[in-house]
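Everything on this sheet refers to the single structure shown next.
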Amino acid sequence: MKYDFAAIEKKWQDRWEKEKPYACRTGDTSRPKFYGLIEFPYPSAAGLHVGHPRPFTAMDIVTRKKRMDGYNVLFPIGFDAFGLPTENYAIKNHIHPAIVTKQNIENFTRQLKMLGFGFDWDRVVDTTDPSYYKWTQWIFLQLYKKGLAYKATMPVNWCTSCKCVLANEEVVEGVCERCGAPVIRKEKSQWMLKITAYAQRLIDDLDDLDYIERVKIQQKNWIGRSTGAEVTFKATTGDDIVVYTTRPDTLFGATYMVLSPEHAFLKKWEPVLKNMDEIRAYQRAAASKSDLERTELNKEKTGVCLDGVSAINPVNGREIPIFISDYVLATYGTGAIMAVPAHDDRDWEFARKFGCEVIEVVKGGDVEKEAFTLKDDTGIMVNSGFLDGMTVRQAIPAITKWLEEKGIGHSQVNYKLRDWVFSRQRYWGEPIPMVWCEKCGWQPLPEDQLPLLLPEVESYEPTDDGESPLSKMTDWVNTTCPCCGGPARRETDTMPQWAGSSWYFLRYMDPHNDQELASKEALEYWSPVDWYNGGMEHTTLHLLYSRFWHKFLYDIGVVPTKEPYAKRTSHGMILGQNPRCFSNLSQEEQKKLVEEFGSEEAARAHLVELHGEMAEHPIVKMSKSLGNVVNPDDIVKAYGADTLRLYIMFIGDFEKAAAWSDNAVKGCKRFLDRVWNLASEKREGGDEYSSANEAAVHKAIKKVSEDIESMKFNTAIAALMSLVNDFYAKGASRGDVKALLLMLCPFAPHMCEELWEMNGYGGQVCQQSWPKYDASKTVSATMRMAVQISGKVRANIIVPAESTNDEIVAAALAEPKIARLAEGKTLVKSIVVPGKLISLILKPRV
RNA sequence: GCCGGUGUGGCGGAAUUGGCAGACGCACCGCACUCAAAAUGCGGCGGGCAACCGUGUCGGUUCGAGUCCGACCACCGGUACCA
């Protein structure tokens with residue numbers, strides 16, 4: 001009988017739909033719980049990308065095995081459906097975003113079901129559903145009530161194409177993360193979330209989490225904690241200028257001061273500043289620079305020296321000039337620095353250009369040539385009054401103490417993390433439930449009025465003036481003040497896409513609750529997520545945001561755990577093969593080109609000339625223009641879902657990027673065909689393993705079990721392939737085949753269910769227990785050991801398993817080839833590694 | 001610049017953490033089956049006639065190094081005037 005994957009997969013998907021074998025029950029105390037989570041997809045119009053099945057299949061395999069291990073498994077799915085791509089698609093095609101979203105979710109659902117994932121389909125979550133975003137809005141109100149949501153006017157990142165503000169995390173190399181358009185600074189009044197209040201806890205609590213190390217490092221770097229001191233300098237106007245420095249030890253070397261162009265004192269000092277025109281011109285120039293220009297221009301320092309105001313260095317009373325320069329950021333520290341050109345690269349560069357004095361205060365470098373920035377014990381303080389002779393490490397606490405005693409400074413911690421810009425001037429997002437009243441100011445919408453529904457609008461296109469499309473909906477905008485009952489206006493900005501995804505994993509625990517975001521019972525039972533797998537690109541976005549929200553919900557007593565996710569892993573991207581790269585051509589094509597151009601190098605050079613630099617990269621992102629995009633629908637049609645699942649897991653190291661290969665898919669299909677042919681054969685007998693395969697089966701059980709736990713799916717599959725090869729070579733018993741199906745089931749569930757049923761093993765594979773590993777069954781009576789002489793393998797011997805070291809050495813020396821090599825030599829030393837090898841060191845006999 | 005990571009056959013990738021490098025798969029070659037092809041099954045497959053040589057390069061530790069230590073090279077990712 002042929003392996004008819006299309007019919008088999010349809011049959012089992014229909015049965016799963018009806019019988020719901022993957023549904024889970026909240027509150028089951030008879031079994032331990034396991035909550036496996038994947039990042040819910042954004043339902044784009046393009047449908048499922050071939051990259052999606054990689055993390056999905058991985059967690060599907062993990063959770064299927066957990067079920068077989070006896071866990072009550074929650075493995076849910078949902079849709080992160082608000083956001084710009086849908087809105088842009090809707091605008092372009094003149095369809096309402098809600099309709100687009102509905103269609104896209106239907107298509108995604110079809111594709112996800114087609115791949116046979118064991119989701120609990122009764123728990124689907126959709127962030128655009130009012131019964132869901134009611135609670136997103138509710139959380140916002142709680143943040144507002146605790147002072148963690150506030151409206152502030154400040155320079156924000158503005159995407160010139162999306163016509164919308166962006167969070168810091170959404171700006172990548174000066175351009176919009178989503179559309180690639182330049183980002184500029186724009187002064188706007190925005191809702192902000194005070195994530196900075198959680199900066200320290202977001203760092204500290206990482207220690208107890210089982211996250212892969214690079215995620216922890218990346219989050220810590222992004223939060224960017226630094227310790228230093230704030231120091232007050234007196235200005236000649238009498239004002240106190242506070243600077244932040246990580247090097248208070250170098251205070252004696254501060255020869256000038258720099259303010260950010262946006263610094264508030266500039267306005268205050270207008271009457272005394274003699275070069276105000278020059279200053280204004282610089283301010284304007286700095287403001288109009290896009291982030292991209294700022295980074296590109298960062299090599300050459302610019303600035304203006306203030307004419308009319310200077311500052312006094314508090315340690316030595318010296319008067320020093322004040323500059324403004326855009327290398328000092330308004331949004332970090334105090335927006336002002338003391339410049340120590342001898343010991344800071346940027347200050348050194350600036351001083352050289354503007355002719356400022358350079359005073360060495362730490363010995364160890366040549367400050368005429370470059371700044372000496374080392375902060376270790378190699379430098380001794382000089383030219384620094386009472387600090388002279390100390391090391392830098394001694395000087396830092398000494399000067400800090402001195403500053404504190406004088407009341408002009410104190411130690412200070414700073415973070416690079418900024419508060420989260422939380423409003424977007426777009427339509428397709430959660431309305432922010434706030435009302436502006438001339439009399440009462442901003443008022444939160446009473447909770448009983450939630451959800452605040454997103455109104456139907458005629459036009460949801462973004463406006464050039466930076467106002468949300470909702471602002472034109474006067475009927476909706478005009479409302480009454482919840483406080484005084486007078487006329488008031490609603491907030492017309494919406495929430496960013498990251499809002500709905502910041503808590504969705506909680507909703508899965510109790511998705512239909514209309515009283516709370518989830519019941520206490522459900523939260524207690526399922527929290528925390530035991531294993532969360534997702535992309536590295538979310539490390540400083542979704543992952544950080546949702547940790548912040550979760551900590552807040554913990555603080556107000558809504559959730560029972562400090563952290564949302566106990567374990568976080570990450571998958572690599574699926575890339576495509578570059579059809580224009582020499583190494584991806586078939587051997588014949590390569591040969592032809594080499595003949596034509598004389599050498600491989602010349603052939604490669606020709607391809608580069610033809611297609612540009614990228615022809616040198618064998619592996620590239622999938623793109624329509626290269627024609628290397630793989631559609632999961634096509635693969636399922638041609639080979640079946642089980643083959644796609646197996647291949648996407650076999651493709652390589654799960655954590656690393658891997659390139660799609662059509663040929664390699666065929667190899668996985670071939671493997672499933674081999675399993676099918678083997679297992680569909682009628683076999684008599686019981687459940688016991690055959691003596692020929694017993695050891696191999698137990699070794700495979702160990703390998704596959706461990707590899708699934710550690711996400712080494714590729715080697716787990718390799719072990720199963722080896723086992724099948726053994727079965728072909730030695731024949732397989734009914735029990736051998738049964739073990740194979742149990743282990744293969746998480747990877748290829750449709751086929752294994754079908755074969756399980758055909759063989760009449762009873763029940764369904766997914767309901768069986770995972771096979772047990774018995775180490776005693778893998779030991780054999782003899783062992784094969786390599787014999788090395790001076791570290792080189794020279795022969796192999798077979799000895800009884802219980803041989804002593806002396807017996808093993810004797811056996812090694814008796815081996816004909818070894819005996820020949822050892823002739824005329826003395827055995828100096830021997831090392832025996834039981835079961836592996838013997839290393840002999842021989843010396844010529846004198 | 002700073003912080004991570006990676007470098008192994010024609011290709012994707014293994015290697016129990018210091019113990020027989022190249023598991024498993026792809027591609028390729030041979031054989032069987034077939035009138036033939038495909039499919040399937042079986043076998044071969046790093047280089048070299050060989051001694052030997054081979055895990056980015058150079059050096060070190062060790063009986064033994066892909067794995068450890070030192071110096072470098074290349075590529076990928078994150079971050080970037082954060083004082």
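Note that the coordinates shown come from a computational prediction; the quantities given were computed from them, not determined experimentally. All chains are named by letter (A, B, ...) in the order of the sequence lines, taking the proteins before the strands, and each is independently numbered beginning at 1.
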* **Which nucleotides of RNA chain B pair, in dot-bracket form (Watson-Crick or G-U under 3.5 Å, | meaning another strand)** => (((((((..(((......[....))).(((((.......))))).((....))..(((((..]....))))))))))))....

* May I ask you to say what A/Asn677 touches in the nucleic acid, namely base, sugar-phosphate or nothing, with a heavy-atom cut-off under 4.0 Å? => nothing

* Could you check whether A/Arg794 gets within reach of a base, just the sugar-phosphate, or nothing at all, counting any heavy atom under 4.0 Å? => sugar-phosphate

List the atom of [X], the atom of [Y], and the distance in Å for their closest heavy-atom pair.
X: A/Tyr244; Y: A/Gly333; answer: CB-CA, 4.2 Å
X: A/Ala696; Y: A/Asp726; answer: CB-OD2, 3.6 Å
X: A/Ala371; Y: A/Asp345; answer: CB-OD1, 3.6 Å
X: A/Ile399; Y: A/Val315; answer: CD1-CG1, 4.0 Å

If the [atom1] atom of [N] is compared with that of [M], how far apart are they to the nearest Å?
N: B/rU8; M: B/rG66; atom1: C1'; value: 7 Å
N: B/rU57; M: B/rG25; atom1: P; value: 29 Å
N: B/rG13; M: B/rU6; atom1: C1'; value: 14 Å
N: B/rC49; M: B/rU16; atom1: C1'; value: 37 Å
N: B/rG10; M: B/rC2; atom1: C1'; value: 39 Å
N: B/rG9; M: B/rG56; atom1: P; value: 8 Å
N: B/rG12; M: B/rU17; atom1: P; value: 27 Å
N: B/rA51; M: B/rG46; atom1: P; value: 15 Å

* Structure fact -> Of B/rC3, B/rC42, B/rC81, the nucleotide closest to the side chain of A/Asp326 is B/rC81

* **Nucleotide of B/rG41, B/rC3, B/rU79 approaching A/Trp222 most closely (side-chain heavy atoms)** => B/rU79

d([atom1], [X]; [atom2], [N]) in whole Å:
X: A/Lys416; N: B/rC2; atom1: NZ; atom2: P; result: 14 Å
X: A/Asp345; N: B/rA80; atom1: CG; atom2: P; result: 18 Å
X: A/Met573; N: B/rG5; atom1: CE; atom2: C1'; result: 15 Å
X: A/Tyr332; N: B/rA83; atom1: OH; atom2: C1'; result: 7 Å
X: A/Leu827; N: B/rC63; atom1: CG; atom2: C1'; result: 11 Å
X: A/Tyr327; N: B/rA83; atom1: OH; atom2: P; result: 13 Å
X: A/Asn414; N: B/rA83; atom1: CG; atom2: C1'; result: 9 Å
X: A/Asp249; N: B/rA83; atom1: CG; atom2: P; result: 14 Å

* Structure fact -> The glycosidic conformation of B/rU57, counting syn as within 90° of 0 and anti otherwise, is anti

* Syn or anti: how is B/rG41 classified when any glycosidic angle within 90° of 0 counts as syn? -> anti

* What string of B, S and - do you get for nucleotides 16-26 of chain B 5' to 3' if you count protein non-hydrogen atoms under 4.0 Å? -> B--BB--BBSS

* With a distance cut-off below 6.0 Å to the six-membered ring centre and an angular limit of 45° from the axis, does A/Lys301 pair with A/Tyr327 as a cation-pi contact? -> yes

* Stacked cation flag A/Arg674 on A/Tyr728, 6.0 angstrom / 45 deg -> yes

* Asked: To the nearest 0.5 Å, how far apart are CG in A/Leu209 and NZ in A/Lys216?
  -> 6.0 Å

Check this for me, if you would: do [X] and [Y] make a salt bridge, where the nitrogen-to-carboxylate-oxygen distance has to be below 4.0 angstrom?
X: A/Lys669; Y: A/Asp673; result: yes
X: A/Lys2; Y: A/Asp4; result: no
X: A/Lys220; Y: A/Asp207; result: yes
X: A/Glu349; Y: A/Lys353; result: no

* Nearest-nucleotide comparison on RNA chain B, the residue closer to the 5′ end among A/Ile841 and A/Asp673 -> A/Asp673

